[in-house]
Amino acid sequence: MVKELILVFIATVLINNFVLKYFLGICPFLGVSDKLSSAISMGFATTFVMTITAPVAWLINNYILIKFDLPFLQYVCFIIVIASLVQFVEMVIKKFFPLLHQSMGIYLPLITTNCAILFMTLQLVLREYSLIKSMVFGFGSGIGFTLAIAIMASIREELEFRDVPESLKGPGITLIIAGILALIFVGLAGLIQVR
Amino acid sequence: MRKINVLFSDFIKGLWQENPIFRLLIGMCPTLAVTSQVKNGLAMGLATTFTLLASSTIISIFRNFIPKEVRIPSYIVIIATFVTIVSLFLKANFPEISKELGPYVPLIIVNCLILGRQEAFASKNPTHRAIADALGMGIGFTLSLIALSSVREVLGMGTLLGHQVIFGNFRPWIIMLTPPGAFLTLGLLLGLVNIINKAVKNRKKKKQ
């Protein structure tokens with residue numbers, strides 16, 4: 001059981017990395033990756049929301065959508081859950097951790113439209129994960145996102161002092177670096193057997 | 001006459017000047033994910049265009065009735081409804097394409113292009129202008145997907161829309177079909193678009 005959970009975690013962080021394998025969350029990946037500190041804040045905010053969203057989505061799917069036979073409402077339901085959870089998390093953080101809110105605040109609303117979260121909720125239904133596995137999956141995908149965006153930010157901080165061709169400056173060179181990073185992550189695919 | 005001019009400029013800006021992918025850099029996730037073949041890129045482009053057009057129309061009709069405080073959730077629910085329609089339609093009529101696009105069809109809901117247009121345009125402008133804007137943006141998006149996917153399909157498989165286009169002793173570049181290929185191609189295409197834009201600007205300056 002524990003071994004299985006660890007396998008799910010490693011597989012989601014390294015092998016099926018959300019950013020570099022499934023191209024999810026590319027907008028924050030390009031937009032917020034110019035400074036390491038803000039990239040890490042964004043990453044942890046996303047991880048936090050994902051870890052909470054996963055079990056809630058699982059409960060709603062198993063106890064409402066399946067029970068009352070409403071699979072066609074899945075998209076609408078999940079997106080509402082995500083949007084309201086993000087709002088809720090923002091209010092809680094603002095009330096109890098004002099310092100954290102100052103550093104993380106502007107990123108929280110953006111998380112609603114991070115496609116990684118919707119993808120994660122749909123995948124855990126598709127793969128028929130159990131409740132605990134879903135939580136690990138949500139946490140793992142958040143960590144994978146944080147890892148990718150933090151690596152990218154550290155490279156881009158160095159890149160500021162380098163001579164980049166004029167036309168590739170900004171998003172162009174970022175995408176090319178992401179390509180090379182993705183190539184490295186492809187190399188990790190043989191690490192463990194996953195489906 | 002002036003009215004038609006306004007409509008035309010709303011439409012045309014999405015094709016190049018404010019092209020969602022190459023100029024505004026929004027809606028990148030489906031762009032990278034489904035463009036390994038022209039067929040899939042085209043299907044994703046059309047699905048997005050339909051959703052954008054339908055939700056822009058509805059939201060601009062109701063723009064004075066939706067309270068400001070809850071506008072984003074209302075937009076998302078409207079968009080999600082149309083995406084559900086598209087998803088069921090694809091499943092029923094084009095099961096093969098639906099299977100290949102797989103999880104990326106529901107992700108149209110969170111495509112920042114659609115929500116961005118509602119927030120920036122449809123919620124502030126009359127319906128006919130919103131429709132022109134949505135059509136321009138949608139077609140611009142579709143054309144960019146076709147551009148990106150034709151490069152990847154020709155180099156990665158030697159085919160275009162399933163027809164052989166490169167003959168002789170060509171060994172396909174498999175990397176073009178994998179995630180790294182998507183990132184590299186889009187990065188280089190962005191550079192190319194920047195070079196063209198700069199050349200156009202320089203020529204305009206010389207004329208003056």
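Here is how names work: the chains are called A, B, and so on, in the same order as the sequence lines, proteins then strands, and each is numbered from 1. These numbers come from the heavy atoms of this one structure, side chains and all, not from hydrogens, waters or symmetry mates.
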Task: Whether A:Phe139 and A:Phe9 hold their rings parallel, tilted or perpendicular, with breakpoints at 30° and 60° - done: parallel
Task: Part of A:Gln87 lying under 4.5 Å from any heavy atom of chain B - done: neither
TODO: May I ask you to name which of B:Ile76, B:Leu189, B:Thr185 has the most heavy-atom pairs under 4.5 Å with chain A?
DONE: B:Ile76
TODO: Over 60° means perpendicular and under 30° means parallel, so classify the ring planes of A:Phe23 and B:Phe183, tilted if in between.
DONE: tilted
Open item on the list: Between A:Ile79 and chain B, with a heavy-atom cut-off of 4.5 Å, which part of the residue counts as in contact: side chain, backbone, both or neither?
Closed with: side chain
TODO: Quick one: which of B:Pro180, B:Ser87, B:Gly27 has the most heavy-atom pairs under 4.5 Å with chain A, could you say?
DONE: B:Pro180
Task: Distance (rounded to the nearest 0.5 Å) between A:Phe137 CZ and A:Arg127 CZ - done: 4.0 Å
Task: Residue, of A:Leu73, A:Ile117, A:Leu24, A:Leu118, that accumulates the most heavy atom pairs under 4.5 Å with chain B - done: A:Leu118
Open item on the list: Under 3.5 Å, is there a donor on one side chain and an acceptor on the other for B:Thr127 and B:Ser60?
Closed with: yes
Open item on the list: Taking side chain as everything from C-beta outward and backbone as N, CA, C, O, which of these in A:Ile184 sits under 4.5 Å from a heavy atom of chain B? Side chain, backbone, both or neither.
Closed with: neither
TODO: Quick one: which of B:Thr178, B:Leu107, B:Leu190, B:Leu88 has the most heavy-atom pairs under 4.5 Å with chain A, could you say?
DONE: B:Leu107
Task: Proximity breakdown for A:Gln123 and chain B, heavy-atom pairs closer than 4.5 Å - done: side chain
Task: No-hydrogen, no-angle side-chain donor-acceptor test under 3.5 Å, B:Glu153 and B:Thr159 - done: yes
Task: Options B:Asn194, B:Val110, B:Leu115, B:Thr31, ranked by heavy-atom pairs under 4.5 Å with chain A, top entry - done: B:Val110
TODO: Could you tell me whether the side chains of B:Asn19 and B:Ser144 share a donor-acceptor contact shorter than 3.5 Å?
DONE: yes
